[in-house]
Participant: 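Take this structure first; my questions come after.
Here the structure is a predicted model, which is why all the values come from computation and not from measurement.
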Amino acid sequence: MEKVAFIINPFSAKKNYQPFLNELKNKVGNPLYYVSESIPGTDEFIKTHFDNVDIFVAIGGDGTISTVAKNLISTDKILAIFPAGSGNGFSNETRFSKNLDELLEKIKAKQSRKIDTFTVNDRLSINVSGTGFDGKVVKEFEKTSRGFKNYIKVSLKTFFNYRPIKVTFFDEEYKQYNGRYLMLNVANTRQFGNNAYIAPNASKSDGLVDMVLVKKFPLTYSALFAFRMFTKRLKDDEYVTYLPVSEISFKVNTKNWHLDGEFNKIESPVHVKVQPASLNILV
């Protein structure tokens, strides 16, 4: 398959990438692929083959996809995905499945479209990024063997002990939202992953992100919050606020963030900015 490169995160899918690679070799013959050893290694592979490849396929979770995507921003190169992460939020939102035959058919058709991305202090995000409770959860989650069950366990344990973060906006029109929150999320698409829809009305092609401010809620509200999140019904109420923005600045009294599910340390002040139609996605 000419002009296509496959980039595999060997640590995704419980480190069981060999069946995918065997199937790929069986169906494609002699594919151009790279089993990633590091982010710099992935960057170098893409740089080396950039001029001769039209479609770069990321095999992994949202973090892997974001790593590949950052090399393709504002170019005519196309990003394709074979989901192999623990949540696969971005894959779900861009309609990529764990079916190699289906992916290969899409590659042959070579149809694509532009979607938005955004940056948090110049660091790329393609899906959902945030700080507060979920930033802490991701930090603790990375100490486990991952998986949805471990994510739920870590989330519950963290919730009861977590102290709200303090958020202060710089723009006059948003100062009314200054306060303490359980978490702050910036959503380019609708879901974290595992069909948990934190921003059910978010669009990846409207030039905006949804900033989601969630106040710490009582235990009696938690079941309703979870029900709404998993049924795409979260909405503005006394605990949840949505702010559609193209650019916004604020400070927060924590450095713990996750960018597309990967833990990051980010210093305040924080500047979020949408990059409209900046990434080419296979459809």
Participant: So if you build clusters from Ile, Leu, Val, Met, Phe, Trp, Tyr with side-chain heavy-atom gaps below 4.5 Å, do L213 and L208 land together?
Facilitator: no
Participant: Show the nearest heavy-atom pair for residues I126 and A69, with the distance to one decimal.
Facilitator: CG2-CB, 4.1 Å
Participant: Atom CG in L282, atom CD in Q111: separation rounded to 0.5 Å?
Facilitator: 8.5 Å
Participant: Look up atom CD1 in I7 and atom CD1 in I46, then write down how far apart they are to the nearest 0.5 Å.
Facilitator: 3.5 Å
Participant: Less than 4.5 Å apart, side chain to side chain, heavy atoms only: is that true for I59 and T64?
Facilitator: no
Participant: With a sphere of 6.0 Å drawn around NZ of K265, does it hold more than 12 non-hydrogen atoms of other residues, nucleotides or ligands?
Facilitator: yes
Participant: Just so I know, are the side chains of N71 and D43 near enough to count as touching, which here means a heavy-atom distance under 4.5 Å?
Facilitator: yes
Participant: Has the side chain of T75 got a donor or acceptor atom that lies under 3.5 Å from a matching backbone atom of L72?
Facilitator: yes
Participant: Donor-acceptor pair, D116 side chain versus A277 backbone, under 3.5 Å?
Facilitator: yes
Participant: Before we go on, tell me: are the rings of Y239 and F225 under 6.0 Å apart, centre to centre?
Facilitator: no
Participant: Just wondering, do N264 and E262 contact through their side chains at under 4.5 Å, heavy atoms?
Facilitator: yes
Participant: Are the side chains of V53 and K3 in touch, meaning some heavy atoms are under 4.5 Å apart?
Facilitator: no
Participant: Begin from the C-alpha positions of V4 and L32 and carry the test side-chain contact (heavy atoms from CB on, under 4.5 Å) through to its verdict.
Facilitator: CA-CA 7 Å; V4 180; L32 172 63; over 6 Å; no
Participant: Strictly distance-based, threshold 3.5 Å: is any side-chain N or O of S222 a donor or acceptor partner for the main-chain N or O of P218?
Facilitator: no
Participant: Side-chain contact test, heavy atoms from C-beta onward, threshold under 4.5 Å: evaluate it for I266 versus L259 and give yes or no.
Facilitator: yes
Participant: I need the N127 CG to E93 CD distance, nearest 0.5 Å.
Facilitator: 7.0 Å
Participant: Nearest 0.5 Å, what's the CD1-CD distance between I39 and E44?
Facilitator: 14.5 Å
Participant: Can any side-chain N or O of S203 pair as donor or acceptor with the backbone N or O of S205 at less than 3.5 Å?
Facilitator: yes
Participant: Please find the pair of heavy atoms, one from D260 and one from L124, that lie closest to each other, and give the distance.
Facilitator: OD2-O, 4.2 Å
Participant: Between Q191 and V128, is the side-chain contact (heavy atoms from CB on, under 4.5 Å) condition met? List the steps.
Facilitator: CA-CA 7 Å; Q191 64 170 296; V128 178; over 6 Å; no
Participant: With no hydrogens and no angle check, is any side-chain donor or acceptor of S66 less than 3.5 Å from a backbone partner on D62?
Facilitator: no
Participant: Are F6 and L79 connected, step by step, through hydrophobic side chains (Ile, Leu, Val, Met, Phe, Trp, Tyr) whose heavy atoms are closer than 4.5 Å?
Facilitator: yes
Participant: I would like to know whether T168 and N178 meet side-chain hydrogen bond (donor to acceptor under 3.5 Å, both in side chains); could you show each step before the answer?
Facilitator: CA-CA 5 Å; T168 305; N178 289 351; 5.0 Å; no
Participant: Using every non-hydrogen atom in the two residues, find where F192 and H258 come nearest and quote the distance to one decimal.
Facilitator: CE2-NE2, 4.4 Å
Participant: Just checking, K204 and F90: is the charged tip under 6.0 Å from the six-membered ring centre and within 45° of the axis?
Facilitator: no
Participant: Please report the C-alpha distance between T42 and Y34 in whole Å, then the side-chain angles of each, then the deciding distance to 0.1 Å, and finally whether the side-chain contact (heavy atoms from CB on, under 4.5 Å) criterion is met.
Facilitator: CA-CA 8 Å; T42 295; Y34 172 67; 3.9 Å; yes
Participant: Determine, step by step, whether K215 and Y221 satisfy the side-chain contact (heavy atoms from CB on, under 4.5 Å) criterion, reporting the C-alpha distance in whole Å, the side-chain angles of both residues, the deciding distance to 0.1 Å, and the verdict.
Facilitator: CA-CA 11 Å; K215 293 180 180 178; Y221 178 85; over 6 Å; no
Participant: Please give me the minimum heavy-atom distance between K70 and T67, naming the atom from each residue.
Facilitator: CG-O, 3.2 Å
Participant: Is the shortest side-chain heavy-atom distance between S91 and I65 below 4.5 Å?
Facilitator: yes
Participant: Could you tell me whether N99 atom CG has more than 12 heavy atoms of other residues or ligands within 6.0 Å of it?
Facilitator: yes
Participant: Other residues, nucleotides and ligands only: do more than 12 of their heavy atoms fall within 6.0 Å of CD on Q176?
Facilitator: yes
Participant: Give me each pair satisfying ring-ring contact (aromatic ring centres under 6.0 Å, His included) with a member in residues 69-88, each pair once, sequence neighbours excluded.
Facilitator: F20-F82
Participant: Considering only residues two or more places apart or on different chains, which pairs with a residue in residues 48-77 satisfy ring-ring contact (aromatic ring centres under 6.0 Å, His included)?
Facilitator: F45-H49
Participant: For P83 versus F96, what's the shortest heavy-atom pair and its separation?
Facilitator: CG-O, 3.7 Å
Participant: Counting only heavy atoms not in K251 (residues, nucleotides, ligands), do more than 12 fall under 6.0 Å from its NZ?
Facilitator: no
Participant: Search all heavy atoms of K175 against all heavy atoms of F169 and return the closest pair with its distance.
Facilitator: CG-O, 3.6 Å
Participant: Any donor and acceptor pair, going by atom type alone, linking the side chain of N92 with main-chain N or O of G193 inside 3.5 Å?
Facilitator: no
Participant: Got a second to check how far D237's CG is from L224's CG, nearest 0.5 Å?
Facilitator: 7.5 Å
Participant: What's the separation between atom NZ in K273 and atom CG in D122, rounded to the nearest 0.5 Å?
Facilitator: 9.0 Å
Participant: Any non-hydrogen side-chain atom of P164 less than 4.5 Å from a side-chain atom of L182?
Facilitator: no
Participant: Tell me whether V240 shares a hydrophobic cluster with F230, the cluster being built from Ile, Leu, Val, Met, Phe, Trp, Tyr side chains joined at under 4.5 Å.
Facilitator: yes
Participant: Can you see whether D76 engages N280 through a side-chain donor-acceptor pair at a distance of less than 3.5 angstrom?
Facilitator: no
Participant: Any sub-3.5 Å donor-acceptor pair from N185's side-chain atoms to A187's backbone N or O?
Facilitator: no
Participant: M183 and L243: same hydrophobic cluster, using ILVMFWY side-chain contacts below 4.5 Å?
Facilitator: yes
Participant: State plainly whether one hydrophobic cluster holds both L24 and I78, where clusters connect Ile, Leu, Val, Met, Phe, Trp and Tyr through side-chain heavy atoms under 4.5 angstrom apart.
Facilitator: yes
Participant: Is there a side-chain hydrogen bond (donor to acceptor under 3.5 Å, both in side chains) between Y33 and K25 once you walk through the steps?
Facilitator: CA-CA 10 Å; Y33 72 90; K25 289 180 177 178; 3.2 Å; yes
Participant: Could you check whether any side-chain N or O of T131 sits under 3.5 Å from a backbone N or O of N256, counting only pairs where one atom can act as donor and the other as acceptor?
Facilitator: yes
Participant: Count the heavy atoms of every other residue, nucleotide or ligand shown that sit under 6.0 Å from CD1 of I73, and state whether that count exceeds 12.
Facilitator: yes
Participant: Test your reading of the model: is there a side-chain donor-acceptor pair from N253 to the backbone of K166, 3.5 Å cut-off?
Facilitator: yes
Participant: Run N9 and S36 through side-chain hydrogen bond (donor to acceptor under 3.5 Å, both in side chains) and show every step you take.
Facilitator: CA-CA 5 Å; N9 180 350; S36 178; over 6 Å; no
Participant: Around atom NZ of K255, are there more than 12 heavy atoms from other residues, nucleotides or ligands closer than 6.0 Å?
Facilitator: no
Participant: Does some side-chain heavy atom of N121 sit less than 4.5 Å from a side-chain heavy atom of W257?
Facilitator: no
